Participant: 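One structure is given below, represented as structure tokens, and several questions about it will come after.
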Amino acid sequence: MFRDGARKSAWQNEVKWYGTIFNRETEFDAVIVGGGITGISTAHQLQLRGLKCLVLEAHNIGFGTTGGTTAHLNDFFDTTFSYAIDKFGVENARMLAEGGREALRNVESNIVQYGIDCDFQRKTAELFALDDRQAEQLEDIVEGARSIGYGMEYTEAIEYPFEFKKAVSIPDQGQFHPIKYIRALADIFIDNGGALAENCICSSFTETADGVVLQTSLGEIRAKNAVFATHTPPGISLLHFTCAPYRSYVIAFTLKDGALPETLGYDLGEPYHYYRVHEIDGKKMIIAGGEDHKTGHSDDTGACFSRLENHCREYFQIDRIEYAWSSQYFEPADGLPSIGVLPASEGRVYVATGFRGNGMTFGTLSAKIIAELITDGASRFEKLFDPKRFKPTAGFANLIKENATVVKDMVGDKIGMDRVRSLADIGAGEARVVRLEGHSYAVFAEKSGKLHVVKSTCPHANCEVRWNNAELSWDCPCHGSRFDVNGGLLNGPSTSGLEPIGDE
Ligand code: FES
């Protein structure tokens, strides 16, 4: 399937398999772990600055969030400018906006310079408030934006069929096909001598006096620097306490009446819905997303799709749902991403994570920041996004809240698991975590009756996994590792799968 779930995303047909293009004798300046937009863009940026780079990807390029995003390109963010002003001051909020603008310019200039065919379009975005609470929130968003000189104009009409209380339009946003874009960047990187290894997992790393040693499934690899573009790095890091994994749901559908909006659309619900149009294989469709929740914290992920579909059917004349998939992203405790030197590193290990719903923009910006930090030793964005910034001030309440949930997940699941006498108690098509003879197992019974049984304890930090019936995966509620029904690793931070028991 080439992605981290059982459902196909609208982008998957464009995935290309690269395999291993890698000479072991090369002395690498940087190893980049993770082949999504962040990893590939970082490799490209570092190569432009003359560095010899290797990209390691545990599966295939675009397997994770870049293959599951809806690929909005925004320079306004889920973290509003008014929130940023409040928490970090006007200058930092201004810098946040500049970072967004710079990322969009960077994407566009790559597309123009290399002639990348990735369906890129500049678009106007529309933010609309559907009730009084949202209208108040929108006023606050506009006030914050205006106070840093960011253009948002109230509008009387929007292109989406919602009755709204207030709306604004925001020019110069964008959209593209994420896999076509990173595939083209990967091709350019490889054509210029870049090394790449797919199906290669990095399980741990050690920082030395002159570089970084990575333990990987291809053996030990050394480099002067390492960049983890995998959301969170292997092992236990401060980042696991400052970023929380979430899932978002997407459906892509054609319309009976063909009235397709030209804009990007966003309501201000909690969680909010987001919309745009893309033509795939000759079919123009609306791609709508929402129903977000913390990973492993929905009893019925299939119902998230049903709610999203019902919501869309209320407003659109849906002809056919062509795609339905979900994807993972990370929420930072204080609203800003962590981009830069990994906490506890001496300065040779870098990380980029906590992008909220703005992964395409922050992934691109991360590439620039990390390339500057590695080659120039400084970036004007480094303080704002410093991964070491977390102290018991900004966002500390959220940080505690996220980790209180983690502790509850670790303890609660140990004592709350189903107890069944035999695996035969699990019906066809069902999945459960069960405790048998002192051990706990994650059991999935196919409709045919075939059982898939694996140990249910997440290898990362021993939480119990929970069933995701929409993507047929076992999801860890603590830090977001995910596994297929046979225990195979889909998403880190775990670097190994669930311990297998075998099929019966
Ligand atoms: Fe950390 Fe599972 S992801 S315990």
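Numbering of ligands and ligand atoms starts at 1, following listing order. Remember, it's a predicted structure, so these values are computed and weren't measured experimentally.
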Participant: How about His460: does one of its N, O or S atoms come closer than 2.8 Å to atom 1 (Fe) of ligand 1?
Facilitator: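 Checking atom 1 (Fe) of ligand 1 against His460, an N, O or S atom does fall under 2.8 Å.
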Participant: Is the distance between atom 2 (Fe) of ligand 1 and the nearest N/O/S atom of Cys476 smaller than 2.8 Å?
Facilitator: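 Here the distance criterion (N, O or S atom, under 2.8 Å) is met by Cys476, so yes.
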Participant: If the test is side chain to side chain donor-acceptor pair (under 3.5 Å), which one of Glu309, Arg7, Glu291, His293 qualifies with Tyr249?
Facilitator: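 Single pass found, and it is His293.
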Participant: I need the atoms of ligand 1 closer than 4.0 Å to a non-hydrogen atom of Ala461, numbered in the order shown.
Facilitator: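 Listed by number with element, the hits are 4 (S).
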Participant: Compute the centroid of each ring, for Phe176 and then for Tyr181, and state whether the two points are separated by less than 6.0 Å.
Facilitator: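 Ring centres of Tyr181 and Phe176 closer than 6.0 Å.
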Participant: His231 and side chain to side chain donor-acceptor pair (under 3.5 Å): which partner among Thr353, Thr65, Asn491?
Facilitator: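 Checked Thr353, Thr65, Asn491 against His231; only one passes side chain to side chain donor-acceptor pair (under 3.5 Å): Thr65.
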Participant: Quick check on atom 1 (Fe) of ligand 1: does His479 put an N/O/S atom closer than 2.8 Å to it?
Facilitator: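 Yes, since at least one N, O or S atom of His479 sits under 2.8 Å from atom 1 (Fe) of ligand 1.
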Participant: Can you sort out which atoms of ligand 1 are near Ser481, meaning under 4.0 Å from one of its heavy atoms?
Facilitator: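 Those qualifying, in numeric order: 3 (S).
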Participant: Working note: Ile61 + Arg183, criterion side chain to side chain contact (heavy atoms under 4.5 Å, CB included); need CA distance, chi angles, decisive distance, verdict.
Facilitator: CA-CA 8 Å; Ile61 298 300; Arg183 200 184 61 194; 5.8 Å; no
Participant: Which of the numbered atoms in ligand 1 are under 4.0 angstrom from any heavy atom belonging to Cys458?
Facilitator: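 In order of number, 2 (Fe), 3 (S), 4 (S).
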Participant: What's the separation between atom CD1 in Ile374 and atom CG in Asp29, rounded to the nearest 0.5 Å?
Facilitator: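 Here the rounded value is 9.0 Å.
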